[in-house]
Structures are given as structure tokens and as C-alpha cells.
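Just so we're on the same page: letters track the sequence lines, and every chain starts at 1.
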There are 2 protein chains.
Amino acid sequence: MTTPQTSADIIDLGPDLCLRGTRMRFERNAEIFGEEEPAEYIYRVVSGAVRTIRFSPDGRRQILAFHMPGDVFGVEIGDAHSCTAEAVSACDVVLVRRSLLQKAANEDVRAARRWLEMTGQNLLSAQDHTLILGHKGAGERVASFLLRFAERTAGGQHIDLPMSRADIADHLCLTIETVSRTLSELERQCAIALPTSRHVVMRSRSALMQLQAAA
Amino acid sequence: MTTPQTSADIIDLGPDLCLRGTRMRFERNAEIFGEEEPAEYIYRVVSGAVRTIRFSPDGRRQILAFHMPGDVFGVEIGDAHSCTAEAVSACDVVLVRRSLLQKAANEDVRAARRWLEMTGQNLLSAQDHTLILGHKGAGERVASFLLRFAERTAGGQHIDLPMSRADIADHLCLTIETVSRTLSELERQCAIALPTSRHVVMRSRSALMQLQAAA
DNA sequence: CGGGCGATTGATTGCCTTCAAACGTGGTGG
DNA sequence: CCACCACGTTTGAAGGCAATCAATCGCCCG
């Protein structure tokens, strides 16, 4: 439903600018690439979900982002990956050799431009995330997360979470317990419904918006 | 002391790749550019210090980064600035028309490459900052900040902070009081000395390193 | 039916924020 | 030259929120 089968095994950089690659399947929790590894490919999600991760010096993991069908990830500036990527659920991913992107960027200004834009978008996302983590409480973080995720998957009021509470917790810098408690609290306030733990129904979008913006 | 007068009014993008601009002086707390404003120039700090800021929906400010002499800032991907820049102290800044960077990127792959690298470096910094804010306490945040700042200014054990406690607080997502208390505590532990509130002497680098890495 | 994992709920602790007051310093005007 | 004021900083006391520790629940799968 999220991605039509017609999507070819390519990464689209704009008009007349497609890079051909190969499709590959990863099982749940499989590593797609690891931090410090040579960045041989760039990736696009076809189906399923992917998480990109970095680890703190003390071993805690921080989930930088979740990547949904259509999203491109693993595009590095240097020659090594700066983060790890894992399959949140079983997923199909298109791999395109990074040398193709490199070549395209050297020959076509538009490709270079596109590369820059993707990196810039990641930068803005990272900054947005910093703002959310900076001075927001658990309720606001979870509300922000749900709203943002709902936007990206375009499933209307219904959100199917592919990730566990632990994943959400490591993304929002909370504990599993706090995420769970917060979702329960939102349900108690009738802002959402939780038919199952992975299925969220947004009952009151405005309530979530209000929460998100709260001090 | 930080920057020799010999530095010309240019922004250096690598070998044979300098963009000419003009120098300008800003007084303490003066706005250099504002969020959403057209990004007409890119900037380099000559002397003094600059902060880049974004505001939360609720009005709180988040200092994304401090820029010291030699640092380039205000390089945007889109046509508008995504953050505000202000002078932390009175400072000299070089302004280069963004159209020159645009032109250089179109004509020379190395310039485009440099642009990409700068953005990528900002992305990594933003992610590092997320990691620090994510699961670290006040002591670790302040220790990280001091170590990082000391590295960048290369003043040996001596750190001259150009910014106020409020600036540090808004960078580390703490309150002024907590920053002050934490610095006092570090002094009590003999990790640092505080001859004046803006002058920090690192007494035990290893103690700070240890703190920084703590859970 | 049993086992294991993820999720939920409860009780307690600890850290940071908030509110409040005092301190020191630099600048200004008398 | 000194008194005064403003602002940034420091320190103290109390409260709130999320982390931690701990137990139970529910579900999927063997």
C-alpha cells in the first residue's frame, strides 16, 4: 500500500537522473551496513522500515532516523559510513554503487546539487531533532514523533508502527517505560487509541498538535 | 592572538579556490543574519565569536553552534537562512556573496565538493550534539563542551569563554543555574579552576575525559 | 500447553528545574 | 574619586519529572 510494485530498482535523483542498482532483502534486525565500514553503496527503502544508529561512548544507542519506503539513506560524504543501518522489519532495499553517484556528481551539476540537498535535508532533520530533545518533556516528544511519522506514511488517522517501544525510546532519548506510560496517558486523554501496541489511531490531531508545541 | 592580521578578506575553499568578500564588524549581540531571511552571503569569522540559533515553537532558543575565528558559517542549501546568527562578542566577519559560491560550484567540481563537505561536517556535528544531549547528565555535557571548545581554540590549558552562562545553557539544553553549579562542582573536584567566570583552566584533562564518557 | 519476548504498570530514587536571594563587577553619574 | 545601579553569576531550598528497579500481563510461536 505504501509503495507500488512498479517502483524499479533505481534511485531517482531528479529528471533524467536515475541510478540503477539491485534489490536486496533484509530480515528483521539484520544489519544493512555498519559504522566505519567503507560506504560502497547508497540505499533506498522499497518496503519495510530501516533505522540508522550511532552509539554513545558509553554504549547506549541513539536512533538517528527511521527510513520508510521511498527514503534514501546511507549517503555519506566521506568514504566510510558514519552510522549503522538495520532493518526494523523485514524489508526490501535497493542498493546503488556509490561510485555511480560520485560519477554522476562529477559530470552533472544537478546530481551534485541533489546530493547536497539530501545532506542538507538530513542536517535540518538532525537540528529539528535536537530542538525536540532539548527542552521538551516526554509527552511532547511522543506527540511530535507520532505526528511526524503520520505525515510521512500518509495513512490518515491510522499509524502502523513498524518499530518497538525500545526503538522509539532510543530515538526520543527516553526509556521504554516512559514511552509506554506516555502512550497510555495519551490514550487516557483520548488523544489517541491503541487497538494493539503497534497500531495507533489519532483520535484528536489537535490535542497532539497542542501537546507537541507545549513548553 | 587567535587570528593573524594577514588573513585576507576571502573564504578559502581549497587550493586555488578563494572567494573574495568584504569585512564587516558586528557589536556584541548584534544580529548578523536572521532565520528565513534570503541567504545572500556566506560568512567567515575573523575575530570574536558567533552563535547560530534556532527557536523552539514555544520560544526557547537553542544555540546550534559557536563559531570561532576561521570558521565558515551561514552556508545554506536553500535560498533562505535556516537559523539566526548573532555576535557573541564584538567580532569581525568576512561576507562573501553566495552567488560566487553558487557559480564556483557550477564551474568547479572541487568547489561543489567543498560545499558538500562543509554541510556534511555540520551534519556530523549536529548528530554528535544529539548524542551528547540524549543520554548525558549535566556534568558530562559541560565536560564535553569544555574539551571540545579547548580543542578548537588551541589555548592549551587555558580557555577564554567568549559566551555567557546563558549561551552555554542554551547550547547544552540546561539552565543557567545548572551550568554554574556544574562548573563550581568541577572546580571543587579540582578538574578545572575558575580564576574569573569567563576564564577556565583545565587542571585535569583526564578527569574531564572520564566525566565526558561517563554513563 | 509452555516458553520467551515485548509491553504495561507500580514504587522509589535521583537529578535537574524552578523559585528566590545574595554576591561581584563593570560602567555611569554625581 | 566614590556611590550607585545593572547585569551576569553564584548559591540555596523545594518541587517535578523521568530513570531505575521490580513485577505482571499479553501475545506469538514452538
(request) List in chain and number order the residues that pass side-chain contact (heavy atoms from CB on, under 4.5 Å) with B/Ser164, two or more places apart in sequence or in another chain; answer none if no residue qualifies. (result) B/Ala166, B/Asp167, B/Arg198
(request) Return the value, rounded to whole Å, for the distance between atom CD1 of B/Ile176 and atom P of C/dC16. (result) 16 Å
(request) List for me each residue that meets side-chain contact (heavy atoms from CB on, under 4.5 Å) alongside B/Thr130, sequence neighbours excluded, and say none if there are none. (result) A/Gln62, A/His129, A/Thr130, A/Leu133
(message) For a quick check of understanding: with a heavy-atom distance under 4.0 Å over all strands, which category does B/Ser184 fall into, base, sugar-phosphate or nothing?
(response) sugar-phosphate
(message) Please report the distance, rounded to the nearest Å, between NE2 in A/His135 and P in D/dC17.
(response) 17 Å
(message) Under a 4.0 Å threshold between the charged nitrogen and the carboxylate oxygen, would A/Arg188 count as salt-bridged to A/Glu185?
(response) yes
(request) Please determine if A/Glu151 and A/Arg148 form a salt bridge, counting it only when a charged side-chain N lies under 4.0 Å from a carboxylate O. (result) no
(request) Write down the distance between CD (A/Glu185) and C1' (C/dT8), rounded to a whole number of angstrom. (result) 14 Å
(request) For C/dG6, take OP1 and OP2 only and decide whether either is under 4.0 Å from a side-chain N or O of A/Ser197. (result) no
(request) Could you work out which one of C/dT18, C/dA7, D/dA19 sits closest to the side chain of A/Leu174? (result) D/dA19
(request) Return the value, rounded to whole Å, for the distance between atom CD of B/Glu177 and atom P of C/dC15. (result) 18 Å
(message) Can you list everything that forms a salt bridge (Lys or Arg N to Asp or Glu O under 4.0 Å) with B/Arg181? Sequence neighbours excluded, please.
(response) none
(request) With ring-ring contact (aromatic ring centres under 6.0 Å, His included) as the test, would you mind laying out the steps for A/Phe33 and A/Tyr43 before giving the verdict? (result) CA-CA 10 Å; A/Phe33 57 79; A/Tyr43 305 80; 5.0 Å; yes
(message) Rounded to whole Å, please give me the gap between CZ in B/Arg181 and C1' in C/dC15.
(response) 11 Å
(message) Need the bend value for the helix from C/dC1-D/dG30 to C/dG30-D/dC1: angle between end axes, 5 pairs each end, nearest 10°.
(response) 30°
(message) Rounded at 0.5 Å granularity, tell me how far CD1 in A/Ile11 sits from CG in A/Leu95.
(response) 8.0 Å
(message) Is there a side-chain contact between A/Arg165 and the phosphate of C/dT8, meaning an N or O under 4.0 Å from OP1 or OP2?
(response) yes
(message) Going by the rule side-chain contact (heavy atoms from CB on, under 4.5 Å), which residues pair with B/Ala207 if we only count those two or more places apart in sequence or in a different chain?
(response) B/Ala191, B/Ser204
(request) Look at A/Arg60 together with A/Asp170 and state whether they make a salt bridge at an N to O cut-off of under 4.0 Å. (result) no
(request) Specify the separation, in whole Å, of atom CD1 of A/Ile168 and atom P of C/dT8. (result) 9 Å
(message) Of the options D/dT11, D/dT9, C/dA7, whose atoms approach the side-chain atoms of A/Ser164 most closely?
(response) C/dA7
(request) May I ask you to evaluate whether A/Thr178 reaches the phosphate of D/dA19, defined as a side-chain N or O under 4.0 Å from OP1 or OP2? (result) yes
(message) Just to be sure I understand the geometry, which residues of residues 188-195 of chain A put a non-hydrogen atom under 4.0 Å away from DNA chain D?
(response) none
(message) Can you tell me if B/Arg198 touches the phosphate of D/dT9, counting only side-chain N or O atoms and a distance under 4.0 Å to OP1 or OP2?
(response) yes
(message) Looking at B/Arg25, I'd like to know if its CZ atom is crowded, meaning that more than 12 non-hydrogen atoms belonging to other residues, nucleotides or ligands lie closer than 6.0 Å.
(response) yes
(message) Under 4.0 Å from OP1 or OP2 of D/dT20: is there any side-chain N or O of A/Thr175 that close?
(response) no
(request) Can you tell me the distance, in whole Å, between the CZ atom of B/Arg141 and the P atom of C/dC15? (result) 14 Å
(message) I need the CG-P distance between B/Leu172 and C/dT17, as an integer number of Å.
(response) 11 Å
